Amino acid sequence: MEEHEGVEEEEKDPSFEEFSHPIPWQKIEAEGLDCDYALLFLKGEADNLFRQLEEEVVYSTGEEAKVQVFGKVYNIPRKQATYGNAGLTYTYSGVRRLASPWTPTLEYIRNAVTGATGQKFNFVLINRYKDGQDHMGEHRDDEKELDPSCPIASVSLGAARDFVFRHRDARGKRSSRQIDPVKLELAHGSLLLMNPPTNTFWYHSLPVRKKVLSPRINLTFRRILEDVTKQSKRNINSKNPD
DNA sequence: GAAACATCATTGGG
DNA sequence: ACCCAATGATGTTT
């Protein structure tokens, strides 16, 4: 969980204990992978949140919804939106976008995630997958501007989808090692915490699933470093301050 | 066995 | 050095 010093489950930040009911977490571990999975919202509440987000969230269009791969331009196979504190930005495939201001629904979900985890977040990337054809290829969330000590909190609403982790040394034709992928299903109302150093060693993807016919909204809450120069960011990331 | 589905290597400009 | 998605070949499921 937040401070991964071999402490057993349910040892959340004490300052939140009296405000939040404990949630049964499921630990997901492998070499260099450390995740926690739980149901954060009951079905009725998750249904309501999904409906509100469908009304409220404004997704990128035009050039922001395209990506260039091997010289060709494609529409991104999903819809994306970015919300967060004023001035924060997110970079996807070389393009920088500005966070829109928090909406009430997004703040409500963010508070629920903080109550369950004791972690604070200043940014959320929203991905909407209209059906099982929409997907996201294998990647890591290792942007320089992310706080390397903060987990990424992934909230799922709508259709359940498979989610796959693959170790960076077990990819490609002549991979150096044989490490089994870690697969899970992200349910309606669930929360997946990806703790450091998961995103250093493991790629993840949301593969195509042709049998899925309804939409899923995913919210990945992050902590982006604010008011930090590139110089000191590099020092923080390399754990080698002046 | 056939069709549908899943997995994975392949493709390059920024 | 790495990222990103579609494609066709191969492997698996129904």
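Since the structure is predicted, the reported quantities are computational estimates derived from the model, not experimental observations. Every chain is numbered from 1 and lettered A, B, ... according to where its sequence line falls, protein lines coming before strand lines.
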Considering only NZ, NE, NH1 and NH2 on the basic side and carboxylate oxygens on the acidic side, decide whether [X] and [Y] come within less than 4.0 Å.
{"X": "A:R51", "Y": "A:D47", "result": "no"}
{"X": "A:D134", "Y": "A:R78", "result": "no"}
{"X": "A:D141", "Y": "A:R222", "result": "yes"}
{"X": "A:D36", "Y": "A:K27", "result": "yes"}

Taking protein heavy atoms under 4.0 Å as touching, what does nucleotides 2-14 of chain B look like 5' to 3' if B marks base contact, S marks sugar-phosphate-only contact and - marks none? ----SS-S-BBSS

Taking any heavy-atom pair under 4.0 Å as a contact, classify A:R168: base, sugar-phosphate, or nothing.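 Nothing, no nucleic acid heavy atom in range.
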
Name the first nucleotide and the last nucleotide along DNA chain C (5' to 3') that come under 4.0 Å of a heavy atom in chain A.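 Under 4.0 Å from chain A, the extent on DNA chain C is C:dC3 to C:dA6.
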
Describe, in one word, how the ring planes of [X] and [Y] are oriented to each other, choosing from parallel (under 30°), tilted (30 to 60°) and perpendicular (over 60°).
{"X": "A:F221", "Y": "A:W102", "answer": "parallel"}
{"X": "A:Y90", "Y": "A:Y92", "answer": "parallel"}
{"X": "A:H167", "Y": "A:W202", "answer": "perpendicular"}

Got a sec: does the NZ of A:K66 have more than 12 other heavy atoms crowding it under 6.0 Å? yes

